[in-house]
Protein chains: 2
Amino acid sequence: MGKILDERSERVLLAVIKSYIENPDPVGSRYVTKKYDFHYSPATIRNIMADLEDLGFLSQPHTSAGRVPTDKAYRYYVENIIDEKKDYKELLETLYNKIRSGVEDMDTLLDETSRTLSSISKYLGLAVSPGPEGSVLRKIEFVPYKDDRIAVVILTDEGVIRHKIIKNELALNPSELSRISNYLNKEYKGYTIKQIREHLAEELRRDKAMYDNMINRSLSLCREALYTYGSHVFITGLSQMLDLPEFSDIERIKRISKTIEDKRAIITLIDRIMDSEGVQVIIGTENPVSDMKELSVIVSTYKEKGRPSGVIGIIGPKRMDYSTVISLVDSASRILTKLFEEGG
Amino acid sequence: MGKILDERSERVLLAVIKSYIENPDPVGSRYVTKKYDFHYSPATIRNIMADLEDLGFLSQPHTSAGRVPTDKAYRYYVENIIDEKKDYKELLETLYNKIRSGVEDMDTLLDETSRTLSSISKYLGLAVSPGPEGSVLRKIEFVPYKDDRIAVVILTDEGVIRHKIIKNELALNPSELSRISNYLNKEYKGYTIKQIREHLAEELRRDKAMYDNMINRSLSLCREALYTYGSHVFITGLSQMLDLPEFSDIERIKRISKTIEDKRAIITLIDRIMDSEGVQVIIGTENPVSDMKELSVIVSTYKEKGRPSGVIGIIGPKRMDYSTVISLVDSASRILTKLFEEGG
DNA sequence: ATTAGCACTCTCATGTGAGGAGTGCTAACG
DNA sequence: CGTTAGCACTCCTCACATGAGAGTGCTAAT
């Protein structure tokens, strides 16, 4: 959407949006003139607002109420008006130190990040760990557990640790397991989980004949180990966000808590985003997830070795402080990316 | 609280409670006579209800409304009236199969259990993994990770797997790490995490002098590895529970979502419970956690080797179907316990 | 001891009307 | 011609009143 509004209309639109973000009441013409110091009369502003309504930027809850920004208005705002980049020095420090000192694994770190984002923004913090495409295997270990069980531990370059218990159906003994570990590490280190899965599928199809040799055992064990590997989703801060006045509607709260519980919807949403660079803004009805059409989502990928691996972001009401939130998410993703550069 | 009510009063109390559980409207005398087929007139019932109110079992929202059961009434109900034990065959099967086939680790299993409890009861499902006192070390492994990092993997008899990344400050090489793993496994297998922690603290205090021998390295590494070991709490099903009419109050919803987010409060609550046998019922104000005073909590410990290790349960409104929920929680905890018996 | 009768209380839904905020339109103004 | 004052109009909100209904407590009769 280009910058199709003239200077004056844009200023009015901006005033309405800012006012509405500050306080979710429909904005009247008189209020705009006073609060934002226009040298026009309310009548003039009314004309402009009527035009903006015709263009689809504003709407009225009812005839004699003020105006409210539409999704289109927020979109315009985000694309054409926002400029100021706030810098989150303290955030940077907090997160940065947390990790450098604590030496946590990826999931803990992401949970922490989500909480930080939430507590600063007062909205929902979101963090998604790298999925199979974004996770590069560093090490896989098979540890004998109970009699017929094996614990598999998977370590990735990104710092994700995953574990799983699988059955020891072939009754492999510890030294065999250790040999398998070695073999797989040598063979697959440096490949993404997805690549490995695909390669495994192919190998296993080809070598079906020689069922019980060591390589084949390794491969099928590995396949089972990687089978459930997927993104983890961290969403935090619901109780805090409920303090906002727009969440005095119970049906809305229900929809939101449903959204939070349905991690799969989030993951499919995130998958669409992984291709694009930088901070992404999804406003209201732009969101394919139906229960999120009254929310806005600000996300950004964080990178490992220049390749986007996971996503962090903020979920809040459409009426959110976009400029702050956008730079917040941007800062946070840069911090994570930077951490990987030096920590890797 | 003994059975201090006469037969007739008890029947009336039961009627009020049942009616209120079905439908959260104050219960009137006329309604009781009709619905529950008493051969007394409303006036008589009124007298009885007035007595019950004097005794603290019922209360009136306002003068000319019907009566509502108090916490004391629910308590009496739970202790003296409930008898029917429902059997959750299907639940048993579902959970049972899930585990036997899937071979999951404890945390996954508990999350699953919590979800199952929630989806059957329509309330919140709760599950808490064994804490340091209830977890018996089966195996601890140190896996070299990145240059200066070690991944620690802890396996317990209960099926809990935990991992953690720690710094390799002493620059131990792989074979040293493996020696340390072996040493610790030999030394500490079969002890609870708590016991090990205590023993470590003592050992390290005593051997402070000989700082850099192998044993001491092992011990301090181990201490760091076990430092963060704690219970995990799984609470699920909020959006579902919000459908109940009593949660049309937003302040209440906020309190509940705060409760869910504050895992520590839950853990301290659970700690108090671990000592007791069987299903425990905490009704409303009996709960020390202030944000849970309008809820009831039904919990039971599950056991491993006859020793209670963790807790599962259901959190719901005080007006809950106690008899169903109690037997549900009871069944579930038996299933888990049974699984450990054979699976261990 | 139980019950019918009755006055009383309180809530809740409904309706009404004043007040207010904001609009759109028109006509006048610079 | 853009801008503005004026004004009628719309619609929401809130306070208040009102009546129906549900349920009570009390008393007197059974």
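Note on naming: letters A, B, ... go to the chains in the order of the sequence lines (proteins, then strands), and numbering restarts at 1 for each one. Just the heavy atoms: all of them, side chains too, but no hydrogens, waters or symmetry mates, feed the values below.
In terms of the side chain to side chain contact (heavy atoms under 4.5 Å, CB included) criterion, residue partners of A:Ala332 (sequence neighbours excluded) are, by chain and number, A:Leu91, A:Leu117, A:Ile312. Annotation: salt bridge (charged side-chain N to carboxylate O under 4.0 Å, His left out) contacts of A:Glu261 (sequence neighbours excluded): none.
Both the sub-6.0 Å distance and the 45° axial angle are satisfied by B:Arg11 relative to the ring of B:Phe38.
The shortest heavy-atom contact between A:Thr70 and A:Leu58 is CG2-C, 3.7 Å. Scanning both residues, B:Gly237 and B:Ser118, for their nearest heavy atoms gives CA-OG, 3.4 Å. Pairing each heavy atom of A:Met320 with each of A:Ile298, the nearest pair is SD-CG1, 3.8 Å. Contact between A:Ile250 and B:Asp249 at its shortest, heavy atoms only, is CD1-N, 4.4 Å.
Distance CD1 (A:Ile48) to C1' (D:dT4): 12 Å, rounded to an integer number of Å. For B:Asp51 and C:dA1, the CG to C1' distance is 13 Å, given to the nearest whole Å. Atom pair B:Ile45:CD1 and C:dT2:P shows a separation of 10 Å (rounding to whole Å applied).
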Problem set entry | side-chain hydrogen bond (donor to acceptor under 3.5 Å, both in side chains) evaluation trace for A:Thr236 with A:Ser114 | CA-CA 6 Å; A:Thr236 52; A:Ser114 163; 2.6 Å; yes
Exercise. Does the pair A:Leu244 and A:Tyr123 meet the rule for a side-chain contact (heavy atoms from CB on, under 4.5 Å), with working shown?
Worked result: CA-CA 9 Å; A:Leu244 296 177; A:Tyr123 304 135; 3.5 Å; yes
Problem set entry | Stepwise side-chain contact (heavy atoms from CB on, under 4.5 Å) test for B:Asp51 and B:Ser9 | CA-CA 9 Å; B:Asp51 291 345; B:Ser9 305; 6.0 Å; no
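Among the protein residues, B:Tyr40 comes within range of the sugar-phosphate backbone only, with heavy atoms under 4.0 Å from sugar or phosphate atoms but none that close to a base.
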What pairs of nitrogen or oxygen atoms, one from the protein and one from nucleotides 13-19 of chain D, lie under 3.5 Å apart?
none

Distances for protein N/O vs nucleotides 23-26 of chain C N/O pairs under 3.5 angstrom?
| from | atom 1 | to | atom 2 | distance (Å) |
| --- | --- | --- | --- | --- |
| C:dT23 | OP1 | A:Ser29 | N | 3.4 |
| C:dT23 | OP2 | A:Ser29 | N | 3.3 |
| C:dT23 | OP2 | A:Ser29 | OG | 2.6 |
| C:dG24 | OP1 | A:Arg67 | NH2 | 2.8 |
| C:dG24 | N7 | A:Arg46 | NE | 3.0 |
| C:dG24 | O6 | A:Arg46 | NH2 | 3.1 |

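Screening residues 312-328 of chain B for side chain to side chain donor-acceptor pair (under 3.5 Å), with sequence neighbours left out, gives B:Asp71-B:Lys318, B:Lys86-B:Thr324, B:Glu246-B:Arg319, B:Ser296-B:Tyr322, B:Asp321-B:Thr324.
For D:dT4, the OP1/OP2 oxygens have a side-chain nitrogen or oxygen of A:Thr44 closer than 4.0 Å.
Computed from C1' positions of five pairs at each end, the angle between the two local axes of the helix from C:dA1-D:dT30 to C:dG30-D:dC1 equals 20°, rounded to 10 degrees.
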